[in-house]
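The structure appears right after this line, and notes come after that.
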Amino acid sequence: MDYNYLAELLFPNIKTTPADMEERYPARELPEGAKVTRFAPSPTGFVHFGGLFPSTVAERLAHQSGGVFYLRIEDTDAKREVEGAAEGLIRTLATYGIEFDEGAILDESGKISDKGAYGPYKQSMRGEIYQTFAKQLVSEGKAYPCFTTEEELDELQQIDKKTEIKNTDWQAEAEKKKAEMLARRNFTIEEVEEHLKAGHPFVIRILAEGNPDNKIKFTDLVKGNIEIPENDEDFVLLKSDGIPTYHFAHAVDDHLMGTTHVIRGEEWLPSLAKHLQLFRYLGFKTPKYMHISQIMKLDDNGNKKKLSKRDMGANMDDYTRMGYCPEAVCEYIMTLLNSNYEEWHTQNADKGYKDFPFNIKKMSVSGCLFDFDKLNDVSKNVISKMDAAYVTEKVTEWALEFDPEFGKALASDKAFAEKIFAIGRGGKKPRKDLATWADAKPYMGFFYDEFFKVEDSYPENFDKADIAATLEKFLESYDEKDDMNTWFDKVKAIADSLGFSPDMKAYKQNPEAFKGSVADTSMFIRVAVTGKQNAPDLYTVMQIIGKEKTAERINKMINSLK
RNA sequence: GGCCCGUUGGUCAAGCGGCUAAGACACCGCCCUUUCACGGCGGUAACGGGAGUUCGAUUCUCCCACGGGUCACCA
């Protein structure tokens, strides 16, 4: 068969050659060891946690090596494309510290535009490039047209699906598919001409010559040495609309754009043989590959499953809603990505995660379970190191969007809010009350009258009269100007006068001798003022809310005890 | 079902032929403490199973089991 003629027949409008493309996209000039990586999402939805993983690795590797990190939009499936998804993706990524040097970026108006010399960075706009290489492959007899329609394929699939219900005969199906594939390869130039004349759509398939019994030895930077069978499937290169499939676009783009390291989820491992074949057919140097393990979750049966888009914790917007700060999420990701990150971080407490020397060798080979407990712990530590002004700003920002009433209260007096968030902050052993911004309200909402309510009641074993007496005496003696020690000495005195031990040691040694201890009398006051048995330091709380309000709340409690 | 990957405590994980098998989270106890939070100390808890190689296997090889992924004109 005259393959050159066939190629001409199929691609009459393509006048460019692979050599033209090589010229248009020359090799990058970068220092030794610089890595070029990319994030290549399809604009079909939101960024999810699983997607943040490989992109964090790619970003770190590129920027740590003085290389280039770029964004390529894989919009080759028009059917699945979601309006505005690409823009959302870019914005979300940016909030998690993933910034691109090159590729599809947002301009001032919030629209996507290209930056860099290797564009366009939207695959839908690179038709000519792909077709140039496809034409080349056809002319070399390495690819061929296939006129089987989508409907015909669907029909075959439906038959298969029916049998699948009753235990698919996988072997029979495989044989059938193989036979169909072989049949597709048998065609004549005349048949092609006829189809074209009739305007029939076609796809371009690769002519696979691999033998699956032969294993390719391959080294993945994460998985290590693996063996994969050669590809023997005539997979589609160009769809009937002239747009490439992922496989073909991956080979062409990553070659032309100079990607040195392809970082992607391990779900791509099974199709690696296809990609290697393509790189060989096209005469491209294969990049290094890193197949990263999936994030898992526990399903209802207690089995690990890939964290899918619908799962809680998948959508990054969920984290925003729940009030997690990006800094914490990034750190959590680092702890999962590099097992020695935490150790490094404790030794370099003042440094950010981007200072951490990320090491490919420290990456886990198996998929890990998403753990909210751990995220919360990381988050508490991260937030405990922030200063009061920053926390105030962030909580307010969050609340204004997700809890407007609370947000308005915070925003109405910034200095007041800041005083509250300053409690126990800044020292060597900072309080760790907040894992999320959403934790703020239950923690300190009582400072505001509109959110104050008596949540905890007094334990039954205390006499109401004692409680009321404590509160009354406290009010009488309370002086806002007292320092913490005199303040507490007064509380002790009240305790003593009512038969409660002012000394904890004495009480513990002989609890029978007292009605209770100063811990209890303190609790009486605490519940009246904060509404809760557990709260930050009572003295400081009173200093912040002021004498008037303190008295008001205590009086109210006294009345309710009568 | 074929193919590929994986399997150390509840979770994340060190380990890369010889260790009382680290550490972190969670959990429990004690201490500190007027509550809480923090902090300190301690505790429960693991190499999926079976062969082989070896003086010696968590570590190397094979088999099995289990888990995951994948088998589209989706990425």
Side-chain angles (χ1 to χ4, degrees), chain A residues 40-44 74-77 79-80 146 148-150 153-154 157 167-174 177 201-205 212 215 220 222-224 226-229 233 235-241 243-247 249-250 264-273 291 293-294 296 298 303-306 332 335-336 339-343 346 362 364-378 380 384 423-424 427-434 443 456 488 491-492 495 502 504 517-523 525-527 530 532-539:
Chain A
S42 57
T44 54
E74 311 231 325
D75 57 343
T76 54
D77 186 5
K79 279 172 278 194
R80 295 202 312 154
C146 167
T148 311
T149 65
E150 237 173 307
L153 285 172
D154 278 352
Q157 283 229 321
N167 246 334
T168 306
D169 186 341
W170 289 90
Q171 201 184 337
E173 188 175 325
K177 276 187 177 169
F202 63 90
V203 302
I204 299 295
R205 288 179 184 274
K215 308 290 181 198
D220 183 275
V222 175
K223 296 281 181 186
I226 52 176
E227 285 195 0
I228 49 175
E233 185 192 332
F235 60 94
V236 173
L237 261 26
L238 243 37
K239 300 184 246 185
S240 54
D241 56 4
I243 302 289
T245 57
Y246 170 85
H247 308 110
H250 154 52
R264 52 166 37 163
E266 67 177 343
E267 71 270 23
W268 288 109
L269 216 42
S271 47
L272 182 59
H291 289 96
S293 308
Q294 298 282 345
M296 316 295 267
L298 239 35
N303 287 325
K304 282 186 178 181
K305 280 276 169 336
K306 176 167 136 182
Y332 175 55
T335 64
L336 292 181
S339 51
N340 57 331
Y341 174 74
E342 282 188 272
E343 194 191 348
T346 51
K362 286 289 182 182
S364 177
V365 192
S366 49
C368 61
L369 220 47
F370 185 89
D371 185 3
F372 267 109
D373 277 334
K374 185 69 184 183
L375 204 215
N376 286 337
D377 180 66
V378 170
K380 279 182 183 177
S384 74
I423 300 174
K428 266 189 189 151
K429 298 175 191 171
R431 294 185 66 94
K432 296 179 180 173
D433 301 285
L434 308 178
Y443 165 64
D456 294 347
F488 194 52
V491 176
K492 282 181 181 168
M504 288 310 287
S517 71
V518 68
D520 299 315
T521 52
S522 297
M523 183 265 287
I525 304 167
R526 185 176 302 107
V527 171
T530 70
K532 304 193 292 186
Q533 289 199 20
N534 304 329
D537 178 64
L538 232 198
Y539 171 79

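- With B:rG68, B:rA75, B:rA24 as the candidates, the nucleotide lying closest to the side chain of A:S42 is B:rA75.
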What's the verdict on side-chain contact (heavy atoms from CB on, under 4.5 Å) for A:L237 and A:H247, showing C-alpha distance, side-chain angles and the deciding distance? CA-CA 7 Å; A:L237 261 26; A:H247 308 110; 5.9 Å; no
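- Taking side-chain N and O atoms only, A:K306 has a distance below 4.0 Å to OP1 or OP2 of B:rU70.
- With contacts defined as side-chain heavy-atom distances shorter than 4.5 Å, the pair A:R264/A:L272 qualifies.
- When heavy atoms are screened at a 4.0 angstrom cut-off, A:A174 is found touching no nucleic acid atom at all.
- Close to B:rG68, at under 4.0 Å from its OP1 or OP2, lies a side-chain N or O of A:K305.
- Summarising the geometry, atom CD1 belonging to A:I243 is positioned 10.5 Å from atom CG belonging to A:D77; distances are rounded to the nearest 0.5 Å.
- Counting only heavy atoms from C-beta on, A:N534 has its side chain closest to B:rU35 among B:rC25, B:rU34, B:rU35.
- Checked against B:rA75, B:rC4, B:rC12, the side chain of A:K304 finds its nearest nucleotide in B:rC12.
- Using a 4.5 Å heavy-atom threshold, the side chains of A:L269 and A:I226 count as touching.
- Across the C1' atoms, B:rG42 and B:rC55 are found 38 Å apart, a figure rounded to whole Å.
- A sub-4.0 Å separation between OP1 or OP2 of B:rC74 and a side-chain N or O of A:K239 is present.
- Applying the 4.0 Å criterion to OP1 and OP2 of B:rC74, one finds that A:T44 has every side-chain N and O outside that range.
- As rounded to whole Å, 13 Å separates atom C1' of B:rC74 from atom CG of A:D241.
- Across the C1' atoms, B:rA22 and B:rC12 are found 14 Å apart, a figure rounded to whole Å.
- Nearest to the side chain of A:I226, among B:rA75, B:rC12, B:rC5, sits B:rC5.
- With rounding to whole Å, A:Q533 atom CD is found 13 Å from B:rA37 atom P.
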How would RNA chain B look in dot-bracket form, 5' to 3', counting Watson-Crick and G-U wobble pairs with both distances under 3.5 Å and writing | for bases paired to another strand? ((((((((.[[[..)..(....]]].(((((.......)))))....[[[[[..)....]]]]])))))))....
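- If you measure from atom CG of A:L269 to atom P of B:rU70, you get 11 Å, rounded to the nearest angstrom.
- OP1 or OP2 of B:rC12 has not a single side-chain nitrogen or oxygen of A:T335 nearer than 4.0 Å.
- A gap of 25 Å separates the P atoms of B:rU33 and B:rA24, to the nearest Å.
- To the nearest 0.5 Å, the span separating CD on A:E342 from CG on A:L336 amounts to 9.0 Å.
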Contact list (N/O, under 3.5 angstrom) for nucleotides 15-17 of chain B vs protein:
from	atom 1	to	atom 2	distance (Å)
B:rG15	OP1	A:K362	NZ	3.4

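- We find that CZ of A:F488 is positioned 10 Å from C1' of B:rU35, with the value rounded to whole Å.
- The closest side-chain heavy-atom distance from A:H291 to A:V222 is not below 4.5 Å.
- Residue contacts for A:D520: at a heavy-atom cut-off of 4.0 Å it reaches no nucleic acid atom on any strand shown.
- For B:rC3, neither phosphate oxygen OP1 nor OP2 lies less than 4.0 angstrom from any side-chain nitrogen or oxygen of A:K215.
- Note: A:D371 CG to A:N376 CG = 8.5 Å, rounded to the nearest 0.5 Å.
- Side-chain nitrogen and oxygen atoms of A:K177 include at least one within less than 4.0 Å of the OP1 or OP2 phosphate oxygen of B:rA72.
- When atom types are taken as modelled, the side chain of A:K239 and the backbone of A:T76 share a donor-acceptor pair closer than 3.5 angstrom.
- At the heavy-atom level, A:S364 lies under 4.0 Å from the strands shown only through sugar-phosphate atoms.
- Nearest nucleotide to the side chain of A:W268, out of B:rU34, B:rA75, B:rA24: B:rA75.
- Between A:L369 atom CG and B:rA13 atom P the separation is 9 Å, expressed in whole Å.
- To the nearest 0.5 Å, atoms CG (A:L369) and NZ (A:K374) are separated by 14.0 Å.
- Phosphate contact (OP1/OP2 of B:rC71, side-chain N/O of A:S271, threshold under 4.0 Å): absent.
- Looking at the side chain of A:P229, the nearest of the listed nucleotides B:rC73, B:rC4, B:rC25 is B:rC4.
- In this structure, of B:rC25, B:rC73, B:rU35, it is B:rC25 that holds the atom nearest to the side chain of A:D377.
- In this structure, the separation between NZ on A:K429 and NZ on A:K432 is 11.0 Å, given to the nearest 0.5 Å.
- Comparing the C1' positions of B:rG9 and B:rA45 gives a spacing of 5 Å, expressed to the nearest Å.
- With contacts defined as side-chain heavy-atom distances shorter than 4.5 Å, the pair A:Q533/A:V527 qualifies.
- Picking from B:rC5, B:rA13, B:rG67 the nucleotide with the shortest atom distance to the side chain of A:C368 gives B:rA13.
- For A:T245 and B:rC73, a side-chain-to-base donor-acceptor distance below 3.5 Å is absent, hydrogens and geometry of angles not being considered.
- Here the side chain of A:S240 pairs no donor or acceptor atom with the backbone of A:V203 at under 3.5 angstrom.
- Taking atom CD1 of residue A:I525 and atom P of nucleotide B:rU35, one finds them 14 Å apart after rounding to whole Å.
- Using cut-offs of 30° and 60° for the angle between ring planes, the A:Y246 and A:W268 rings count as parallel.
- Ranking B:rA75, B:rC5, B:rG6 by closeness to the A:S366 side chain, first place goes to B:rG6.
- Comparing A:K223 and A:Y246 along RNA chain B, the residue whose closest nucleotide (by nearest heavy atom) sits nearer the 5' end is A:K223.
- With hydrogens and angles ignored, no donor-acceptor pair closer than 3.5 Å exists between the side chain of A:R526 and the base of B:rC36.
- Nucleotides B:rC27 and B:rU7 have their P atoms positioned 28 Å apart, rounded to a whole Å.
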Between A:F370 and A:Y332, is a ring-ring contact (aromatic ring centres under 6.0 Å, His included) present by the stated rule, with each step listed? CA-CA 10 Å; A:F370 185 89; A:Y332 175 55; 5.6 Å; yes
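- At a threshold of 4.0 angstrom between heavy atoms, the contacts of A:S240 include nucleobase atoms, whether or not backbone atoms are also involved.
- Counting non-hydrogen atoms under 4.0 angstrom, A:E227 reaches the backbone sugars and phosphates but no base.
- Rounded to the nearest Å, the gap between the P atom of B:rG48 and that of B:rU11 is 12 Å.
- B:rA13 atom P lies 13 Å from atom CZ of A:F370, rounded to whole Å.
- Nearer to the 5' terminus of RNA chain B, by closest-nucleotide assignment, is the contact made by A:D373 (compared with the other of A:V236 and A:D373).
- One atom, CD of A:Q294, and another, C1' of B:rG67, lie 14 Å apart when rounded to the nearest Å.
- Considering only the side chain of A:P270, B:rU70 comes nearest among B:rU70, B:rA75, B:rA37.
- Taking atom P in both B:rA72 and B:rC19, one finds a spacing of 49 Å when rounded to whole Å.
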